[in-house]
Protein chains: 2
Amino acid sequence: MTPSQTAVRPDDAPEPTYTGPVEDYLKTIYELERATGTATTTDIAHRLAIAPASVTGMVRRLADQRLLKHEPYRGVRLTQAGQRVALRTLRRHRVIETFLARVLGYPWDAVHDEAERLEHAASDELVDRMATALDEPTVDPHGAPIPSRDGTVNDRRYASIADLPLGQRARLVCVSDDDPARLRYLAELGLTPGALVVVLARAPFEGPLSIRVGDPGRAADHAIGPALARALLVEPS
Amino acid sequence: MTPSQTAVRPDDAPEPTYTGPVEDYLKTIYELERATGTATTTDIAHRLAIAPASVTGMVRRLADQRLLKHEPYRGVRLTQAGQRVALRTLRRHRVIETFLARVLGYPWDAVHDEAERLEHAASDELVDRMATALDEPTVDPHGAPIPSRDGTVNDRRYASIADLPLGQRARLVCVSDDDPARLRYLAELGLTPGALVVVLARAPFEGPLSIRVGDPGRAADHAIGPALARALLVEPS
DNA sequence: GTGGCGATTTAGCCTAAACTAATTATCATC
DNA sequence: GATGATAATTAGTTTAGGCTAAATCGCCAC
């Protein structure tokens, strides 16, 4: 296990199964916690398109099951057990996405929704077989890291293209996967994981970025808005 | 459409989605109806491992949605709409089973349980992509016919090996898929769809059958009980 | 025809997970 | 330190789909 990994597997009890909603909550909380430190009721509600009051109710049930700690009016923190379930769900989701894209020819903007439903029905056995068939992939079609069978994940943090110094060459690592239309747009621009990008110019006051996409010789220039820019993670190269 | 097919597709409205339990009821009722003419409360309850009273409740809801007709104390009959949903679910189940076995190397005794969960989460799009990847299979790993995209199915009826005249050569067409242990046992005996079988002798009073399995030269003789025999469908050849 | 028994339905209850409306806590600002 | 604005929680309701216990139906045997 390299330093940039998080281990989440203390004991190995038979690991109960959880309902779809429970897995969705834990997955979402995990992602929010990773992005912003703690997950708040409203954030969770917003992500899951659910009323805040419903979130409070579910959070209480999850706390009863020791999957998270809840400090009323403050926020929520996954326990080890909760993280374990979240990572397992995330692994399922991302392995399934990768399988749909690579084996069944799904376009990358369609894999998310299908995986969102399948992840709650697929057994670990199935997901592991898919992973084997794919030669143990480490990232999904959007570049997000796939947790391993034993619950470790590459949690390295990348800068967004919005923060990249002018002229710095970088590789696109990861794009957010939740909006099909945005994904189609990104594909049109050649902005898929692995693409070479350079920021040519940045307009002041949260204006658009002018960027060059693609390997030398076949590069194209585009302007992208700041919101989109923040959703593109890069690694300088 | 050949004479031995049943069409079930009058109009083409957007076809709502149904919950897992609803699909399971309709699928089960379809199979019971096909096997015995009508489906009774207790039969349904037994197949789904649910209390009879719960079945009555669900049957009322399904009748409200015009998916079936219920004659109280008598039994239940699917409507066209109900059959359509049942056949779509059956198609999903069987395509998924076939995919798991052929693409992911699942043993044939394990595909049923996995498909049972996935069939409620998979979209028609996914199932159709699987079917395409498999070159439009017409039977699942147990030999059961796969309904086509447009809702037609080969509903030809086969005799069971229990009814085969002594000495009559036949091909095994279909085995029941619900008991993994039985499936493992059948595989050991070479009793998989397509196998050549002959009944050598039949003990009286519902006794065991003596059968020969396999192509000439590599055939083996076995004795099978009458209950098992009734679960093996054959086509004389 | 009447009894009885198994099959079926009714009645009433439970849980998970959602909702709305009303209440309460936190925090930034004055 | 008081005051709103915003966020969060409580209270009460809803729906789907289960359950048990009790009542009722259908039918076969006498």
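Below, read A as the first sequence line, B as the second, and so on, with proteins coming before strands; counting in each chain starts at 1. Here the structure is a predicted model, which is why all the values come from computation and not from measurement.
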Item to check | Nucleic acid footprint by protein, nucleotides 9-14 of chain C - heavy-atom cut-off 4.0 Å, B for base, S for sugar-phosphate alone | outcome: BB----

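- Note on A:Y25: only backbone sugar-phosphate atoms sit closer than 4.0 angstrom, heavy atoms only; bases stay farther off.
- Rounded to whole Å, the distance from CD1 on A:I44 to C1' on C:dA18 is 16 Å.
- Computed from coordinates, the B:Y18 OH to D:dG17 C1' distance equals 17 Å when rounded to whole Å.
- Atom NE2 of B:H46 is separated from atom C1' of C:dA7 by 14 Å (rounded to the nearest Å).
- Atom CG of A:L62 is separated from atom C1' of D:dT9 by 16 Å (rounded to the nearest Å).
- In this structure, the side chain of B:R117 engages the main chain of A:A121 through a donor-acceptor pair within 3.5 Å.
- Side-chain N/O atoms of B:R61 include one lying less than 4.0 angstrom from OP1 or OP2 on D:dG17.
- Atom pair A:M58:CE and C:dC19:P shows a separation of 11 Å (rounding to whole Å applied).
- Qualifying side-chain hydrogen bond (donor to acceptor under 3.5 Å, both in side chains) partners for A:Y158, counting only residues two or more places apart in sequence or in other chains: none.
- Remark: B:R230 does not engage B:D163 in a salt bridge, criterion side-chain N to carboxylate O under 4.0 Å.
- Here B:H93 pairs with B:E97, B:H112, B:E119 under the side-chain hydrogen bond (donor to acceptor under 3.5 Å, both in side chains) rule; sequence neighbours left out.
- Remark: A:T19 is in phosphate contact with C:dA17, judged by side-chain N or O atoms under 4.0 Å from OP1 or OP2.
- Taking atom CD1 on B:I50 and atom P on D:dA16, their separation rounds to 16 Å, with Å as the unit.
- A distance-only check finds no donor-acceptor pair linking the side chain of B:T152 to the backbone of B:S148 [under 3.5 Å].
- Spacing between atom CG of B:D43 and atom P of C:dA7 amounts to 10 Å, rounded to whole angstrom units.
- The backbone N or O of A:L104 lies less than 3.5 Å from a partner atom in the side chain of B:R129, making a donor-acceptor pair.
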